Structure formats: C-alpha cells, structure tokens
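Notes follow once the structure below has been shown.
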Amino acid sequence: MNFLPIRKLYHCNEISAYPEDSIQEAIRRFGKLPNTLIEYYRQLGANQEINQAQTYPCSPANLVLENGYLMFYVEDQESMWWAIKQEDLGEDNPAVYVCVWKNDGYVYLPESDTLEHFLYSMAYCQAMEILPWNSEGPFSCDTETKSKIEATYKKKDFELCNSPRTTFYGNSDDEAIMICEDELSCQVSFACMTEEQFEQIQKVLSIRS
C-alpha cells in the first residue's frame, strides 16, 4: 500500500515515517494493529504538512484504547475522535467509527467503510487548509451549485458518513472539492495546486474573483 491518492494530492513522494521501534511498541501494547495503520505510520505518519491540520492522527505512542475502541485520530479541540473497534484490530483494513457526545454520553457512529478510505477522506479535508489555492473556508452550497459539481467533477470513491456526511470530487489528482451536508445545511469548500485549477472551479461554481 502506497497511499497514492494522498501522495498525488500533495505532490508528496518522500517517506515520512515514525521510528520503527515506536510502531513495534504500539503493536506490543495492543497485541495487534491494522496493517493499513502500520503502513501509514511507516510512510506518511510523521509528515507534518499533511498530519497537523485541524484533525490529525495520533502518534503510535498516543494511541488510546477506550470502551472497546482504539482511538487513533483526533480533532484538535478533542471534541471528536475516530476509532477502530478493538475486535477489528487484527483486520488489515477495518471500518472506522466517529466518537461524538450525544444525549449526555459518547456514541460511536459508522464513519468510513475502510481505514484506507478514511485516511484518504481526512487528507482531502486537510487539503482545504493546506493546498496553496483554496476557498479559504466553506460557503453555502445550494441545490444548483451541488448539481453543477456533480455534473462537472468526478466523485471520489471514499467519503465520511457522520461528521457530517462529506463527499469529495475532482477531475485532477491534485484538486479537491468537498461537500459537507447535514439536516440543516450544505456547504462546499475547494482546494487545488494551481491557479488555473482554482479559476476553473470558480467558473463552474459561478464565483467571481
């Protein structure tokens, strides 16, 4: 596994690994870890550009087992955590759940069908802050705008289900359009590597410079 969608999005070819002894210590602590998470730690886990935005993966030393879930990804205010079921730690590419506070207690909701798809989704979310040409935050997405995006750009085969539901689009490997929607609102953000891509997205979304 080489995490090619992330590498292409960020033009990232280098290896940014955590020390192998810290990875092995985490495996000893929990008995086993998903191979996808191990490989991410070995290839991109220590990449500061990709992994230090508003949400980020826990280092091997900071993994936490709580309520039968391994907490491995966190929002910077610690208001949301993402986790893998303890019983799934032996799987290569398990499902991911989001832990949120609801009705006076924490609940775990399905977030992504696989860990690999989750990591791609979070990399696309982080791109909204990191890539050089971006929308500088979300803006309201009405039905017409959403239809334009769906008609013009290819939908990615990964998404987030509950934090809120988030889908991703793009025709090039280094551009990303993100639609976040819940029962109250729908918002869109976008980011890309070049000014030409940026101007084209603005044109499709009918945004004036």
Side-chain angles (χ1 to χ4, degrees), residues 1-99 108 110-132 134 156-161 163 166 168 170 173-174 176 178 191 193:
M1 182 175 293
N2 54 19
F3 304 101
L4 202 56
I6 300 176
R7 293 188 177 282
K8 287 183 175 180
L9 180 63
Y10 289 93
H11 294 186
C12 173
N13 296 316
E14 70 271 13
I15 298 294
S16 300
Y18 278 105
E20 185 63 25
D21 59 352
S22 69
I23 298 172
Q24 292 301 320
E25 175 58 28
I27 294 172
R28 284 192 292 270
R29 283 173 59 208
F30 302 107
K32 47 197 168 185
L33 290 177
N35 186 60
T36 299
L37 183 59
I38 293 170
E39 285 304 309
Y40 189 81
Y41 282 149
R42 287 173 173 166
Q43 294 191 39
L44 293 170
N47 186 302
Q48 293 296 305
E49 179 184 28
I50 297 173
N51 296 315
Q52 292 299 321
Q54 185 177 0
T55 58
Y56 53 89
C58 302
S59 68
N62 288 327
L63 294 171
V64 175
L65 189 62
E66 204 169 281
N67 301 320
Y69 287 83
L70 181 75
M71 309 293 195
F72 75 98
Y73 217 100
V74 64
E75 187 264 340
D76 62 358
Q77 300 297 315
E78 297 190 5
S79 62
M80 298 176 69
W81 289 78
W82 289 267
I84 300 163
K85 284 184 177 179
Q86 185 176 10
E87 64 198 59
D88 294 341
L89 292 181
E91 297 183 13
D92 284 342
N93 198 17
V96 174
Y97 298 80
V98 59
C99 176
Y108 295 84
E111 182 71 293
S112 184
D113 57 345
T114 68
L115 176 54
E116 180 182 8
H117 282 174
F118 172 79
L119 292 170
Y120 295 161
S121 294
M122 298 310 283
Y124 269 63
C125 289
Q126 293 161 353
M128 302 302 139
E129 303 177 41
I130 295 171
L131 294 191
N134 65 74
K156 302 299 179 179
D157 60 0
F158 45 85
E159 64 181 19
L160 301 174
C161 297
S163 58
T166 306
F168 306 95
D173 292 327
D174 55 1
M178 181 175 77
M193 276 293 186

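Because the structure is a prediction, the values reported are computed rather than measured. Values below: all heavy atoms of this structure, side chains included; hydrogens, waters and symmetry mates excluded.
Residues V98 and L160 form no side-chain contact, since every pair of their non-hydrogen atoms from C-beta on lies 4.5 Å or further apart. The side-chain heavy atoms of Q126 and E49, taken from C-beta on, include no pair separated by under 4.5 Å. Considering only heavy atoms from C-beta on, M122 comes within 4.5 Å of W82 through its side chain. Between I38 and I23 the shortest side-chain heavy-atom distance falls below 4.5 Å. Residues T166 and Y124 are not in side-chain contact: their nearest non-hydrogen atoms beyond the backbone lie 4.5 Å or more apart. Taking the side chain as every heavy atom from C-beta outward, I6 and Y40 approach each other to under 4.5 Å.
Ring pair F168/Y120: centre-to-centre distance not below 6.0 Å.
Panel note: side chain N51, backbone L44; a donor-acceptor pair is recorded below 3.5 Å. A donor-acceptor contact shorter than 3.5 Å links the side chain of N2 to the backbone of L4. Side-chain atoms of R29 do not come within 3.5 Å of backbone N or O of V64 as any donor-acceptor pair.
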Please tabulate, one pair per line, all N/O donor-acceptor pairs under 3.5 Å involving side-chain atoms of residues 53-61, not counting sequence neighbours.
unit_1: S59; atom_1: OG; unit_2: N62; atom_2: N; d: 3.4
unit_1: S59; atom_1: OG; unit_2: N62; atom_2: ND2; d: 3.1

Pair up each side-chain donor or acceptor in residues 86-97 with any protein partner under 3.5 Å, not counting sequence neighbours, and list the distances.
unit_1: N93; atom_1: OD1; unit_2: T36; atom_2: OG1; d: 3.4
unit_1: N93; atom_1: OD1; unit_2: L115; atom_2: N; d: 3.2
unit_1: N93; atom_1: OD1; unit_2: E116; atom_2: N; d: 2.8

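Counting all heavy atoms, side chain and backbone alike, R42 lies closest to A17 at O-CB, 2.9 Å. Residue A127 comes nearest to A191 through the heavy atom pair O-CB, 3.3 Å, listed as atom of the first residue, atom of the second, then distance. Here the closest non-hydrogen pair linking M71 and C99 is CE-SG, 4.1 Å.
The line from CE of M178 to OG of S121 is 10.5 Å long, rounded to the nearest 0.5 Å. We find the CD-OH distance between Q24 and Y41 to be 13.0 Å, quoted to the nearest 0.5 Å. A distance of 5.0 Å separates CG of L9 from CG of L131, quoted to the nearest 0.5 Å. Distance check, rounded to the nearest 0.5 Å: CG of N13 to NZ of K8 gives 11.0 Å. Between the CG atom in D157 and the CD atom in E159 there is a gap of 10.0 Å [rounded to 0.5 Å].
Using cut-offs of 30° and 60° on the angle between ring planes, the pair F118 and F72 is perpendicular.
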_Derivation and outcome, side chain to side chain contact (heavy atoms under 4.5 Å, CB included), residues F3 and E39_ = CA-CA 9 Å; F3 304 101; E39 285 304 309; 4.1 Å; yes
